[in-house]
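Report on one structure; see the data block that follows.
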Amino acid sequence: GDSVTQMEGPVTLSEEAFLTINCTYTATGYPSLFWYVQYPGEGLQLLLKATKADDKGSNKGFEATYRKETTSFHLEKGSVQVSDSAVYFCALRGGANSKLTFGKGITLSVRP
Amino acid sequence: DGGITQSPKYLFRKEGQNVTLSCEQNLNHDAMYWYRQDPGQGLRLIYYSQIVNDFQKGDIAEGYSVSREKKESFPLTVTSAQKNPTAFYLCASSPRREFTGNTIYFGEGSWLTVV
């Protein structure tokens with residue numbers, strides 16, 4: 001079945017540091033890939049998505065490229081801010097029922 | 001404003017009681033979902049519905065029940081058969097499923113605690 005693997009956390013960075021959060025997936029066919037963000041006590045918000053190989057999703061300074069050859073969708077940001085502190089989930093959607101399959105999430109803390 | 005409304009935000013339940021979590025959306029979406037979130041385990045799918053009067057079990061449906069009598073509503077009942085119901089519950093919706101790139105939108109969640 002479909003699965004998503006995220007790097008282990010938590011991650012703590014200083015403000016303005018470079019961020020990479022790794023995400024790899026296993027799926028049949030051609031899934032769409034998503035990054036969601038969850039701020040404390042809230043629901044999930046879509047951060048960015050990519051629907052086919054080599055697409056790059058971007059939003060709020062975050063980027064991720066759909067790499068079919070390495071089955072990866074790593075999230076990057078050049079300069080993180082304290083306000084980026086949250087839990088980040090990688091997810092894929094594909095297959096007959098098109099449910100979202102999530103990774104376990106990773107907590108990012110950014111220090112001033 | 002369009003969106004997904006979940007209620008209540010916080011709910012306490014005594015052991016042996018059934019409780020129902022409400023989820024309403026005004027996005028005109030066909031598909032609706034319930035996910036459960038536990039620390040360190042990501043989100044797991046409980047039930048989903050692609051159309052009114054139809055729904056399917058997700059990965060962890062035991063101890064839960066749903067109904068889909070109206071397009072905009074998808075309530076979740078946590079029954080006394082659910083052995084470990086304390087969790088954060090998230091309702092979601094999306095346009096019809098044919099295109100996998102359709103975004104799934106989430107509500108603000110409901111915290112359920114068994115006391």
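Every chain is numbered from 1, with letters handed out A, B, ... down the list of sequences.
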Give, as side chain, backbone, both or neither, the part of [X] having an atom under 4.5 angstrom from any heavy atom of chain B.
| X | answer |
| --- | --- |
| A/Leu46 | side chain |
| A/Ser32 | both |
| A/Tyr36 | side chain |
| A/Gln45 | neither |

Worksheet entry | Interatomic spacing from NZ in A/Lys99 to OH in B/Tyr33 - rounded to 0.5 Å | 11.0 Å
Fill in: Rounded distance [0.5 Å steps], CG in B/Leu43 versus CG in A/Leu44
5.5 Å
Response to the item:
Comparing B/Phe88, B/Tyr105, B/Phe106 against chain A, the one with the most heavy-atom pairs below 4.5 Å turns out to be B/Phe106
Discussion item. Take a 6.0 Å sphere around CD of B/Glu15 and say whether it holds more than 12 heavy atoms from other residues, nucleotides or ligands.
Written reply: no
Worksheet entry | NZ/A/Lys104: more than 12 non-hydrogen atoms of other groups inside 6.0 Å | no
What part of [X] gets closer than 4.5 Å to chain A, counting heavy atoms only: side chain, backbone, both or neither?
| X | value |
| --- | --- |
| B/Leu90 | side chain |
| B/Gln37 | side chain |
| B/Asp38 | neither |

Response to the item:
Heavy-atom nearest pair, A/Phe34 first then B/Thr103, reads CE2-CA, 4.2 Å
Worksheet item: Mind checking whether A/Val37 and A/Trp35 sit in one hydrophobic cluster, side chains of I, L, V, M, F, W, Y counted as touching below 4.5 Å?
Response: yes
Discussion item. Could you check whether any side-chain N or O of B/Tyr35 sits under 3.5 Å from a backbone N or O of A/Leu100, counting only pairs where one atom can act as donor and the other as acceptor?
Written reply: yes
Item to complete: Sort and list the pairs that fulfil disulfide bond (SG atoms under 2.5 Å apart) and have at least one residue in residues 32-71 of chain A, not counting sequence neighbours.
Response: none
